[in-house]
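One structure below.
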2 protein chains.
Amino acid sequence: MTLNRKRNIINSSKRTGIKEIAGLADVSIGTVDRVIHNRGQVSKKTMKKILDVMDKTNYRPNFVARVLASKEKPRLVCLIPFHTPENMYWEAPLEGIIKAEKEIADYGVTVNYFLFNQYLADSFEKKARDVLSDNPDGVLLAPIFSKQASDFVKKLDNLKIPYVFIDSKLKEANNLSFFGQNSFRSGMLAAKLMEFSCRSKGTIVIVNIGTEYENIHHARERENGFKTYFLNNTPGISLHVLNISSENINNRDSLVEIPDTDISGIFATSSAHIIANYLNHKGKNQITLIGYDLTNDNITFLEKGIIDFLICQKPREQAFRGIYALFHHIVFKKQIRRNNLMPLDIITRENLNDYLEFELNKEGYYE
Amino acid sequence: MTLNRKRNIINSSKRTGIKEIAGLADVSIGTVDRVIHNRGQVSKKTMKKILDVMDKTNYRPNFVARVLASKEKPRLVCLIPFHTPENMYWEAPLEGIIKAEKEIADYGVTVNYFLFNQYLADSFEKKARDVLSDNPDGVLLAPIFSKQASDFVKKLDNLKIPYVFIDSKLKEANNLSFFGQNSFRSGMLAAKLMEFSCRSKGTIVIVNIGTEYENIHHARERENGFKTYFLNNTPGISLHVLNISSENINNRDSLVEIPDTDISGIFATSSAHIIANYLNHKGKNQITLIGYDLTNDNITFLEKGIIDFLICQKPREQAFRGIYALFHHIVFKKQIRRNNLMPLDIITRENLNDYLEFELNKEGYYE
DNA sequence: TGAATTATCGTGTACGTACACGGAAATAAT
DNA sequence: ATTATTTCCGTGTACGTACACGATAATTCA
C-alpha cells in the first residue's frame, strides 16, 4: 500500500511529543519524562514551565511508543468457575477471555487462569489465595461467593491491584468496573413477552431450578422483576412460583404440575432446558416457555420450538470486555466506566443463527 | 504500577523479533526486512534460509513497533448520507465513525467525511468523485444508490483501495467487508412477535411509509420476511399491505384506515413514529405496533407504550466496526470477516434504558 | 583481465518513549 | 573556602521495526 502523503504535509495535526515540549521548555527529554511520571527530581520552577508547555501544546502521550519502550509486561488473571458437562454456562466467559488475551498479546499482556468449582466456596478461597501469590497486575473475577469474594477484594485493595467483576458484583467494593446484567429488569422484560404471549389467559408459572448455589441472586432478581411487571400491568393474573431443588430434577413426571390449573406460560429463571425437556416429553408444546442463556441444551429446544424466548446476558462479551477494561486501564491509563449493564438480548428461533454467528466472531474493538 | 517481573523471566514466551531471526539466519536485519516486505533484492537461497527460520521461530511481526516505525499515516474516508431534522437515522453511524476515529488516532489514522444527500443520487456521485480525488487508503460507504455506487467501487477496485459497506451491500462487489442486518429475517422476527401478541385475532397491517428512496430495499425485505413467517406458521391470518407515499404522510386522518376490519397489529417497515403519532391521536393504543430503529421520535412513543417493539439494527456499531475493519486490515494486516450481520435486537420499554446507555458507551475493542 | 554493471546485502538513522547512569549546580557541613 | 551532600538535570541506550543509503560481491561486457 502506498499512502498518500501530500495531505499529511498540509495537515499540521502532527502530535507534539515529549521531545518537542522539551525543546519548547528548554529542558531535556529526561526532565520532561520525570514530570510526566511524577518521578520527582525536578524543581518547582522547571516543573511548572514544562507543565505549561504541555498544557499549551495539548500534549498527549503516544501510547504506541510507550508500550514499545516500556519493559512492563502486565499480567492479568481471571478467577471464574470452570464449566462442567452439566453446567456449560461458564464456558462462554472463558472463550471471551481467551479471545481478548489473543488480541492484546501484541501489547505484552498475558492472562493466567484460575478456575474454581462454582459449587464450593472452599475452592474459590483456595484459588483466590493462588491469585494473590501470583501477584498479578489486574484481576477479573466472578464474585459468586459474596463473603469470600469480599475478603479477597479487600486484599486486592490493599495491594492496589485493580479488579473487575463480571456476572455479579459486590456492594461497597472498589472494583474498577463491572460487566453484567440487570436481572430485575430482565425479569420485567420476560414478563412483558409473557404477557404479550398469554394475554391474561391461564396461569403463569415461575420456576426456580436448583438455585441453591451461585445462581440464586440472579434467579431471585429475575423472579422479582417478573412479578413486579405483572403487579403493575396485570394485577389480576394468576402467578405461581415453583422451587425445585436440584435433587428433584430427575423426577420428571411431576416437574411442573399444578392441580386444577391451565398453564399458559412458564418462566424459567434458570435451566430452561430441563423444563423444556419435560414439556417436550409430555407433549405440551403450546405452553409459552421463556428462559435464560444460550447454552447448547437451551438452543436445541429453542430450535424445536419448545422454548419460545431466551434472554441472553452475553457472558462471552462480559468477560471479553472485562479483560479489555483492565487492559485499557493498565496499559493506556484510560478511564473506565464503572457499571456496564449488557443489553437484554432476546433470542428466538428466527434470530438465533444470526446471533450465534455474530457473537462468536466479534473482535476486540467494539466498545 | 510495579509489575511483577519474576514470571517473565521464567516465561520463555519472549517473541522472536526481526533481529533475532537475522542472527539465526546469519544475515542482517535489513535483509530480513526485505523478505518480510517482499522488497526483492534478496537471493533465492538466503530468502529460503530466512523463511525457514521465520517458520521455525514462528515469527510474528510486532505491530506496535511497526506502527511506531512506519511513516504511513493511513487516511480513511466515509461516504454516507448526512442526517436532517426530518430523518435522523444517519446521525448514529456518524457517531460511530467519530468514536472509532478517536480510538485509532493514536495509530496515526485519520478519517475524512464525505456526506451526501440521501435523496439525491447526484449528490452521491459528486461526493464519490470527491472521495476519489482525495485518494484515501480505505473507504467506508453506504451504497444506497446501487448503480452509482457500483460504478464507484469499480474505480476503487482499480485503484486497489479497500472499501467496506454498511447498511446495505452490492452484489458482486469486491468489498472488504459488510456490516448490516438481515432485513428478511428481521421481518420474520417481527412477525413472530406480532403473532405472539395478536394470537390470530383481527387484521394485521404492514405499512410502508415513504419508501421511494434509499430505504426501499430494507422495507421490501422486511415485508417479505414478515409475510413469509405468517405464510409458514399462520396461513389463515388476515394481512393487509398499505403503501403510503411520503406526500400523503400529513393526511393523518386516513393514515391507517381499512374499512370493515378490526386491526390488531401494525408492522411499520419504517418511520414507525408516524404511525404511532396517528394511533396516539386516535386513541387507538391497544393496537400492537412494531417498528424499526431507535430514533428519538420512535423512542418517545416506545416510552409512551404506543410502540411495543422496536427492532434495532445498531447503526452506530455498524459504522464503528466498519471503520475498525478498515483499520485492522490496513494497519495490522488482519484478516477481516466479509459478512457481519448485526444481531436483531429487540427493544421494549423495559430494556430501553439499559440499551441506550450501553450503546452509547461501548468502546472500540469488542469484536 | 579489467572495468562497468547489477544483484545482493549491511549499516545507520528514525519513530516516541522509558529509564539507568552520571554529571553539574546548589546547598550544607566542616 | 573546601569538601561533602543533596538536588536537579542531561545523556545514552533500548524497545522492534521501516527504510534510505552505501558497500560488497557477483556478473557482464569490453
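Per chain, numbering begins at 1; letters A, B, ... match sequence-line order.
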Next item on the list: Specify the separation, in whole Å, of atom CD of E72(A) and atom C1' of dA14(D).
Entry: 15 Å
Item checked: Nearest-Å distance for atom pair CZ/P, residues R39(A) and dC21(C) -> 14 Å
Check: Would you call D52(B) and K56(B) a salt bridge, using N to O less than 4.0 angstrom?
Finding: no
Check: Parallel under 30°, tilted from 30 to 60°, perpendicular over 60°: which one fits the rings of Y324(B) and F327(B)?
Finding: perpendicular
Note to self: L76(A) and side-chain contact (heavy atoms from CB on, under 4.5 Å): which single residue from N112(A), T110(A), V111(A), V139(A) fits?
What the structure shows: V111(A)
Next item on the list: Could you check which residues of residues 49-70 of chain B get a heavy atom under 4.0 Å from DNA chain C? Sort them by number, please.
Entry: L68(B), A69(B)
Checklist line | Presence of T31(B) side-chain N/O under 4.0 Å of dG10(C) phosphate oxygens OP1/OP2 | finding: yes
Check: Rounded to the nearest Å, what distance is computed from the CG atom of residue D33(A) to the P atom of nucleotide dT17(C)?
Finding: 9 Å
Next item on the list: Could you work out which one of dG12(C), dC9(D), dG10(C) sits closest to the side chain of V27(B)?
Entry: dG10(C)
Item checked: Residue-phosphate contact under 4.0 Å: H37(B) side-chain N/O, dC19(D) OP1/OP2 -> no
Notebook entry, point to check: Centres of the F179(A) and F320(A) rings: under 6.0 Å?
Noted result: no
Check: Salt bridge check: are D137(A) and K73(A) linked by an N-O gap of less than 4.0 Å?
Finding: no
Check: Does the ring centre of Y163(A) sit less than 6.0 Å away from the ring centre of F165(A)?
Finding: yes
Notebook entry, point to check: Taking NZ from K333(A) and P from dT17(C), how many angstroms apart are they, rounded to a whole number?
Noted result: 15 Å
Notebook entry, point to check: What orientation do F152(A) and F124(A) show, parallel under 30°, tilted 30 to 60°, or perpendicular over 60°?
Noted result: perpendicular
Next item on the list: Taking the side chain as every heavy atom from C-beta outward, state whether I97(A) and Y113(A) have any pair of such atoms under 4.5 Å apart.
Entry: yes
Notebook entry, point to check: Tell me: CD1 of I36(A) to P of dG16(C), nearest whole Å?
Noted result: 13 Å
Check: Between D151(B) and K155(B), is there a side-chain N and carboxylate O pair less than 4.0 Å apart?
Finding: no
Notebook entry, point to check: Out of dC19(C), dC9(D), dC15(C), which has the shortest distance to the side chain of S28(A)?
Noted result: dC9(D)
Next item on the list: Give the rounded distance in Å between these two atoms: NZ of K48(B) and P of dT8(C).
Entry: 17 Å
Next item on the list: Using whole Å, report how far CD of E20(A) lies from P of dG16(C).
Entry: 9 Å
Next item on the list: Quickly work out the D106(A) CG to dT17(D) C1' distance and round it to whole Å.
Entry: 13 Å
Item checked: Sugar-phosphate or base contact per nucleotide [nucleotides 20-25 of chain D; S, B, -; heavy atom under 4.0 Å] -> ------
Next item on the list: Considering just the side-chain nitrogens and oxygens of S43(A), establish if one lies under 4.0 Å of OP1 or OP2 belonging to dT7(D).
Entry: no
